There are 2 protein chains.
Amino acid sequence: MTTIRDVAAQAGVSVATVSRVMKGDVPVNDETRARVQAAIEMLDYAPNAFARSLASNRSQGVGLLISHLGGPFMSRFMATVEEALRRSDYSLMVAAGHSDATREREALRFLSSKRCDGVLVHADGLEDDALRMLAGQMNMVVINRQVQGLAGQCVYIDNRRGGYLATRHVIELGHRHIACLTGPLSKQDARWRLEGYRQAMQDAGLPLDEAAIIEGDSQDGSGRYAIDLLRTRKSPITALVAGNDEMAMGAMSRLKVLYPGIRLPDALSVVGYDDEHYACHLAPTLTTVHAPVEEMARAAVTLMEARLKGGEPPGFESGFTPTLMTRESTGPAPDQGVFCSTRSTF
Amino acid sequence: MTTIRDVAAQAGVSVATVSRVMKGDVPVNDETRARVQAAIEMLDYAPNAFARSLASNRSQGVGLLISHLGGPFMSRFMATVEEALRRSDYSLMVAAGHSDATREREALRFLSSKRCDGVLVHADGLEDDALRMLAGQMNMVVINRQVQGLAGQCVYIDNRRGGYLATRHVIELGHRHIACLTGPLSKQDARWRLEGYRQAMQDAGLPLDEAAIIEGDSQDGSGRYAIDLLRTRKSPITALVAGNDEMAMGAMSRLKVLYPGIRLPDALSVVGYDDEHYACHLAPTLTTVHAPVEEMARAAVTLMEARLKGGEPPGFESGFTPTLMTRESTGPAPDQGVFCSTRSTF
DNA sequence: TCATGTCATGTAACCGGTTACATGATGGTT
DNA sequence: AACCATCATGTAACCGGTTACATGACATGA
């Protein structure tokens, strides 16, 4: 392995000069710089990252804590983050938190033990308090979540608005009996989406039926479960607002099994959330809420880089707004919901 | 930051002794060890990863080069790899190659510049030759690909068999005119899957119609394209074997648009590949080829750890076998294919 | 002419570990 | 008693960079 000393010897200068040339922003005589660069070229020199980190106390790496690696849009998110970071010569270290407070904390400890310069945190297990505390110990940007007291280091999306949009959409289609299938209410985003649902119902002057709110686990199985539950209740539900596409998909699958003869939006209008890439290939194609994931990822990296450079945090808006993708899974409200006990198909 | 010297002072021993206690496998007097451990505990000491790496020339990190972060099963794969590595206190550094030889090479250079102890390489842009060469320069385990000359450092799956299984399945259902929609044939796995298709056709004594082999790009758009193409040709195709679920999904969507009245397997039997988690929620649910991704990921890590420890490579079999998941998208061959020009729906 | 400032460059301490080798204590053998 | 092996521990060189400070060359103004 060629070291900085080899290069210095080859170029006939001191190691300090080589270091300065590598760094780039320190004034060096043009002729000297050229000689050093020639030597670097000739010896195919690449600085030792460890030595550099040890001396400068910076790792040139940022950690990414992902609550659940298989989660929606994670791949899109990570791809964008990786690309943006690499452009700045930062490496990306990934750790998974498995949506569990203890494991997320452990993952952060791990990343911190690896001396990341900063961490992008997508945690849904940790409490706000824990995040605030940890943010004091390391350079942190929080993704997909708004934490009070961590202004300027959160990139989030208005989940309340997402839930609102989804619900208002079916209301506008004439639905009055609308169920809501949420993700685990221990998660902030699930709570906000539900809040949006509540608000939309209230704004439309519709009664809130607490029995029509079902807490799921964000997996497709919950969709099936929700349908079965709503069916036993035989409440006159005509639309379902789901907390994510996965559960919406599960619900639709179950409906197709139970009511093979009925076209789906006629049986039940279903709205998803996340706009996963399969959403437009389901049958019927899924109306869902779309988030600008790539933009959010870029914003997170920008925020992080600003923190790392130590300058003023860029004053840009890091709150994003979801949009509704209207597709076939939602349609006009029928006179009678499929779940209504008076319906002949029962 | 507390250093090893602080701990040494606190415990009244030398830094070497502390280092030995940290290492674990060197004999240290029990009483001394206890004192050191108490000091570590008391000072909440965590060794500086850079210093350690610099001195020992090991990074305790492995890189993961992913050709395409959004690709099938990547999240499952990564989740498993991350968990297995972390258990051994290795960190995971991710770089994306974007399915392009140059960018993959660049990503490897990057990971190597960060001094990873080893790299797990999922590359589909690089040539075998390039991989063989690079494998000489760094500790490498190749994922999802069998490279001649790199025995014992590849974890792969028998794509030929996968293609064979998919094709034989529809043949057994009575289909005789079977199209094949492949991924980019510049990719090894796409070529092998096609090879399996060919073999199955041949084994069944069916004629090979080269016009029924279409090269796609692994995106859903290719599915649509393939259907449109087959339709103009009006060849009497009754089944389609696709190179992945994405394309199969695209094809089915297109079919549903074109022939809204016909149930899908009657119009065309479709087989996918990858068994993505949405496969069983499409309508009809998608018959597809399943790979034991988690097992493969664990095997890759095991192989890597063996290389890192420097011991003998474990003699286990790193070739995996795919299985067919039979679902609704395939059915008995109709008398007349939907693409047959004599059909009345045209 | 000499003090002073500017600029490019060199010297060497430092980051915080690992580890080869030195040291010294202990106990067994002849 | 002298010798040697064994074992736990300490000393200090080393890994390969960064950077504060020193140095020396040259230009400027009094």
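Model, not experiment: these values are computed from the prediction.
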> Could you walk me through whether B:Arg103 and A:Glu83 pass the salt bridge (charged side-chain N to carboxylate O under 4.0 Å, His left out) check?
Replying inline: CA-CA 11 Å; B:Arg103 297 183 75 173; A:Glu83 184 157 7; 3.3 Å; yes

>> I'd like to know whether CD of B:Glu41 has more than 12 heavy-atom contacts from other residues, nucleotides or ligands below 6.0 angstrom.
In response: no

> Which nucleotides of nucleotides 12-18 of chain C have their base under 4.0 Å from a protein heavy atom (B), which only their sugar-phosphate (S), and which neither (-), written as one string 5' to 3'?
Replying inline: B--BBBS

> So, the side chain of B:Asp117 versus the backbone of B:Gln60: is there a donor-acceptor pair under 3.5 Å, distance only?
Replying inline: yes

> Considering all heavy atoms of both residues, which atom of A:Met138 and which atom of A:Leu108 are nearest to each other, and what is their separation?
Replying inline: CE-O, 4.0 Å

> Where is the tightest heavy-atom contact between B:Met304 and B:Asn139, given as atom of each residue plus distance?
Replying inline: CE-O, 3.8 Å

> Charged N to carboxylate O under 4.0 angstrom, B:Asp100 versus B:Arg105?
Replying inline: no

>> With a 4.0 Å cut-off on N to O distance, would you call A:Arg298 and A:Glu294 a salt bridge?
In response: no

>> How bent is the helix from C:dT1-D:dA30 to C:dT30-D:dA1, measuring the angle between the end axes built from five pairs each, rounded to 10°?
In response: 60°

